[in-house]
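For the single chain, residues carry numbers from 1 onward in sequence order. The structure displayed is predicted, hence computed values, not measured ones.
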Amino acid sequence: MPDESDEGADVDGSEEPREDAGEQPPEGHTGESPDSSRGREDTIETDGEGYVHDRPDSGTGDSEYPEPDPDDDIGGISTPPDDEEMPLADHIEEMILRLARVILVGSAATAIGLFWASEAIEFIWFNVFPGPVDEVPPPHVYHPLELWLSRIKVAALAGVLVALPMFVYECYAFMRPGLYPNERKYYISAVPMSLVLAAFGMFVSYILVLPILFRYFTYYSDASANIAYGLGNTFDMIITLTGFLAVVFQIPLFIMLAIMMGVTTRKWLADKRLYFWAAFLGLSFMFTLDPTGMAPIIVAIIMIVLFEGTLLVLKWVGRE
């Protein structure tokens, strides 16, 4: 017969009940004190995303989260490979030295060009005017220094043409440490193309635009007056128009670079073409010295043709 005292002990809880060996602790109970579990949590290493045991081993080749390349920029500001921090004074000194080289080359070419400036003036004069040589109006000089100033302008134009490649090279050498490899690639490919386009623009001005203009001037004024072309004013217009067309023929290059670098798209340029046409017309009237309006119209037409031709080529090659 069970002892009543034992039952009383079980009822009033004076003695701890004995757990069976196979009985599991309640769910959520770890069998450790809160202090010991807190100390264990402090030593657990995580990956910052909540993965502890189920993340694949990063050392295996099958890892879903491969180790980052140490050469990649992660969370920082990347710099070009050859970029070096230099004081501002050193940058200014280097820039001045490089510009001095360009000016020295251009000045030397200008000085040499003065020896043949008179022949160059005569050659240009009798080729920009249409018609036979005996029908070309002679140049008129209206002040004592006009002839010398015209010679200096022609020689300076030759000096600029000679110094332009030097200027392009010095600019590239100055900026090269701060350029990324892809930017260097674009620059190196764009510079020769820019020089070719500039030379082609001058050539078009010399053989097409200037003869059309002077034919128009002669036809416009011949019926009412005897034309006397001033040497200085005429060469001012020739040099200004030739230099402006050298810049105008950079339009295809600018469009190509903008699309290649992701600045714009061909479709956006095509949608906004009327705005570009208006801008071309305004720039033509701003930089072309012709009160009759003929030269600005011709230059604006050339700019529009270059713009639309570039868009047509891009559409043909499938570049949107």
Linking I/L/V/M/F/W/Y whenever their side-chain heavy atoms sit closer than 4.5 Å, directly or via other members, would Val162 and Leu99 fall into one cluster? yes
May I have the list of side-chain donor-acceptor pairs in residues 239-252 shorter than 3.5 Å, sequence neighbours left out?
{"unit_1": "Thr240", "atom_1": "OG1", "unit_2": "Asp236", "atom_2": "O", "d": "2.7"}
{"unit_1": "Thr242", "atom_1": "OG1", "unit_2": "Ser205", "atom_2": "OG", "d": "3.3"}
{"unit_1": "Thr242", "atom_1": "OG1", "unit_2": "Ile238", "atom_2": "O", "d": "2.7"}
{"unit_1": "Gln250", "atom_1": "OE1", "unit_2": "Ser194", "atom_2": "OG", "d": "2.7"}
{"unit_1": "Gln250", "atom_1": "NE2", "unit_2": "Ser194", "atom_2": "O", "d": "3.2"}
{"unit_1": "Gln250", "atom_1": "NE2", "unit_2": "Ala246", "atom_2": "O", "d": "3.1"}

Linking I/L/V/M/F/W/Y whenever any side-chain heavy atoms sit under 4.5 Å apart, do Phe287 and Met303 land together? yes
Side chain to side chain, Val105 and Arg101, heavy atoms closer than 4.5 Å: no
Are Val305 and Val204 linked, directly or through other ILVMFWY residues, by side chains that come within less than 4.5 angstrom of each other? no
Check for a donor-acceptor pair, side chain of Trp125 on one end and backbone N or O of Pro137 on the other, with a separation under 3.5 Å. yes
Does atom OH (Tyr142) have a neighbourhood of more than 12 heavy atoms from anything else shown, all under 6.0 Å? yes
Within a 6.0 Å radius of atom CZ on Phe167, are there more than 12 heavy atoms belonging to other residues, nucleotides or ligands? no
Quick check: is Trp277 connected to Leu283 through a chain of hydrophobic side chains (ILVMFWY, heavy atoms under 4.5 Å apart)? yes
Single-linkage hydrophobic cluster, 4.5 Å side-chain cutoff, Leu149 and Ile121 together: no
Okay, side chain of Glu170, backbone of Arg98: is any donor-acceptor separation there less than 3.5 Å? no
Any side-chain to backbone donor/acceptor pair from Arg273 onto Ala270? Under 3.5 Å, distance only. yes
Ignoring hydrogens and geometry, is there a side-chain-to-backbone donor-acceptor pair from His143 to Val141 under 3.5 Å? no
Sub-4.5 Å side-chain heavy-atom contact between Met193 and Leu197: yes
Considering residues, nucleotides and ligands other than Phe200, do more than 12 of their heavy atoms fall under 6.0 Å from its CZ? no
Mind checking who shares a hydrophobic cluster with Met202, ILVMFWY linked at side-chain heavy-atom distances under 4.5 Å? Leu161
Mutual orientation of the aromatic rings belonging to Tyr206 and Phe123 [parallel < 30°, tilted 30-60°, perpendicular > 60°]: parallel
Contact list for residues 238-252, test salt bridge (charged side-chain N to carboxylate O under 4.0 Å, His left out), sequence neighbours left out: none
